[in-house]
Protein chains: 2
Amino acid sequence: MAVNLTHSMQDYLKTIFMLTADHTRVPTTRIAQTLNVQPASVTSMIKKLADCHLVDHQSYHGVALTESGRTAALEMIRHHRLLETYLSTALGYDWADVHEEADRLEHYISEEFEDRIASMLGNPLYDPHGDPIPGRDGVLPPTPWPCLLDVPAPATVTIRRVDSSQRDALVFLSSKGITIGTTCTVLKTASSYIMIDVSSTHKTVRLPNAIVQRLFVDQI
Amino acid sequence: MAVNLTHSMQDYLKTIFMLTADHTRVPTTRIAQTLNVQPASVTSMIKKLADCHLVDHQSYHGVALTESGRTAALEMIRHHRLLETYLSTALGYDWADVHEEADRLEHYISEEFEDRIASMLGNPLYDPHGDPIPGRDGVLPPTPWPCLLDVPAPATVTIRRVDSSQRDALVFLSSKGITIGTTCTVLKTASSYIMIDVSSTHKTVRLPNAIVQRLFVDQI
DNA sequence: GCACAAATTTAGGTATCTCTAAAACTGTGC
DNA sequence: GCACAGTTTTAGAGATACCTAAATTTGTGC
Ligand SMILES: [Mn+2]
Ligand SMILES: [Mn+2]
Ligand SMILES: [Mn+2]
Ligand SMILES: [Mn+2]
């Protein structure tokens with residue numbers, strides 16, 4: 001029903017999509033925490049989204065996206081991840097800085113802009129953090145990589161994806177020469193950290209579990 | 001006083017800057033026409049801008065920018081024209097399509113984005129329509145070119161600037177192979193049109209006065 | 001000077017998105 | 001079953017940026 005989504009509606013839809021990756025309903029409070037607003041504000045926005053048939057709201061029992069809500073969320077995620085890729089590849093942004101810029105611009109670029117940066121980038125499937133970029137058709141490329149935490153030493157792996165939600169982790173990793181595509185050898189697995197050898201720098205790096213649990217890898 | 005300018009405040013400041021190029025005060029109604037809002041809306045926004053010391057408002061006698069209002073307006077114009085240049089040069093937009101996209105994005109790019117596209121473009125002084133791009137210091141490059149309407153035939157000229165306010169004119173000109181930097185020879189000056197030879201295409205084009213008055217040229 | 005039309009401002013209202021405080025609901029623990 | 005803590009919704013209000021309609025002011029034409 002609703003054709004024009006406001007900046008806020010788009011942010012709510014994107015957040016609900018992220019929080020329902022496990023296919024369950026998401027409670028009001030989770031959305032409030034994620035968006036840094038009060039639960040009462042979430043309730044009123046949810047009501048608005050439900051009126052537009054973008055979410056299914058069962059009072060006191062959380063919310064889930066409808067098909068059209070999911071489509072709108074994926075459209076925004078496509079904008080976000082294409083922008084992150086473009087900022088990184090074409091404008092030389094650090095992978096720790098792309099999120100903030102993309103999170104604003106995603107709401108304001110046109111479909112023409114989207115198409116142009118996508119084709120300029122060769123229609124990429126993954127963003128600078130290895131997150132999958134939905135196609136124009138809303139299909140998400142696969143992300144089959146296991147967490148590095150679950151890979152026993154010794155092993156040689158290629159970094160495919162990093163949980164980008166903690167800026168500190170991104171800064172730490174790039175300072176050690178570790179990014180998407182980097183190949184490493186796991187030398188030792190301890191209970192609170194692992195030791196790896198970064199093949200491009202030939203340096204040995206100690207990765208605390210807080211970092212290891214954020215890395216997803218291809219085993220080779 | 002005001003540190004954070006809203007999208008709307010920025011649009012009003014930009015508009016007031018444009019409408020006071022002649023260094024006079026601008027009346028409420030002109031601003032209302034330009035921004036497609038009601039005069040009453042202009043009055044209340046002007047009040048807000050005056051509270052922030054961005055404009056000088058004398059009740060019933062129009063408005064002018066203060067020094068800090070002018071600085072804010074130029075900052076927005078720099079964003080706009082850098083974006084137009086970037087969209088045109090880096091993303092292949094037609095010069096008729098850059099305005100709409102830039103007019104939205106100008107409010108949402110960061111200073112880092114501004115700096116990166118500026119240096120990527122080699123710190124350009126003019127946008128795709130020949131409009132001057134203010135420097136980070138707020139200085140506008142010169143635009144000394146006379147209107148083609150005032151150049152008597154015969155003459156050979158280079159197009160330096162186009163009044164980009166009418167999209168139709170931009171579409172017409174590019175369809176004839178005429179853009180910034182194009183060299184033409186004025187063959188004949190009539191009262192309602194001129195005939196020119198476009199050197200790059202070796203074609204003769206009839207330009208109605210409605211177009212001629214929008215072109216500014218270097219005489220060679 | 002003064003009437004009068006045009007421009008401008010004031011007054012009051014709508015829509016969006018947020019907040020705080022109070023009320024209502026839910027489900028667990030006994 | 002029922003109290004009670006935690007969650008969620010409702011109620012009411014503030015900020016922003018518009019609107020329409022009703023004053024108010026201005027300056028020109030006589
Ligand atoms: Mn966002
Ligand atoms: Mn990302
Ligand atoms: Mn604008
Ligand atoms: Mn321009």
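Within every chain, numbering begins at 1; the chains are lettered A, B, ... in the order of the sequence lines, protein sequences first and strands thereafter. As the structure is a computational prediction, the values presented were derived from the model and not from experiment. The analysis underlying the following values was restricted to heavy atoms, covering all of them including side chains, and did not include hydrogens, waters or symmetry mates.
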TODO: Scan A:Ser41 against the nucleic acid and name what it touches under 4.0 Å (heavy atoms): base, sugar-phosphate only, or nothing.
DONE: base
Task: Pairwise 5' ranking along DNA chain C for A:Tyr12 and B:Gly62, keeping only the more 5' one - done: B:Gly62
Task: B:Met45 and B:Leu49, any side-chain heavy atoms less than 4.5 Å apart - done: yes
- [ ] Report which part of the nucleic acid A:His57 touches: base, sugar-phosphate, or nothing (heavy-atom distance under 4.0 Å, all strands).
- [x] sugar-phosphate
Task: Beyond-backbone contact of A:Cys147 with A:Leu215, side-chain heavy atoms, under 4.5 angstrom - done: no
Open item on the list: Measure CG/A:Asp11 against C1'/C:dT18 and give the value in whole Å, please.
Closed with: 14 Å
Task: B:Pro39 side chain, from C-beta outward: closest of C:dT9, D:dA17, C:dT18 - done: C:dT9
TODO: Give the B/S/- string for nucleotides 21-29 of chain D, one per nucleotide from 5' to 3', where a protein heavy atom under 4.0 Å of the base yields B, of only the sugar-phosphate yields S, and otherwise -.
DONE: B--BSSS--
- [ ] Give the nucleotide from the list C:dT18, D:dT9, C:dT16 with an atom nearest to the side chain of A:Lys48.
- [x] C:dT16
Open item on the list: So, taking the atom named CG in A:Leu91 and the one named CE in B:Met120, what distance separates them when rounded to the nearest 0.5 Å?
Closed with: 4.5 Å
TODO: When you get a sec, tell me which of C:dT9, C:dT18, D:dC18 is the closest nucleotide to the side chain of A:Met45?
DONE: C:dT18
- [ ] Would you mind reporting whether A:His107 and A:Asp11 have side-chain heavy atoms less than 4.5 Å apart?
- [x] yes
- [ ] When you get a sec, tell me which of C:dT18, C:dC17, D:dC19 is the closest nucleotide to the side chain of A:Thr6?
- [x] C:dC17
TODO: Taking only the side-chain nitrogens and oxygens of A:Gln38, find out if one of them lies under 4.0 Å from OP1 or OP2 of C:dT20.
DONE: yes
- [ ] For B:Ser8, report the nucleic acid contact type (base, sugar-phosphate, nothing); a contact means any heavy atom under 4.0 Å.
- [x] sugar-phosphate
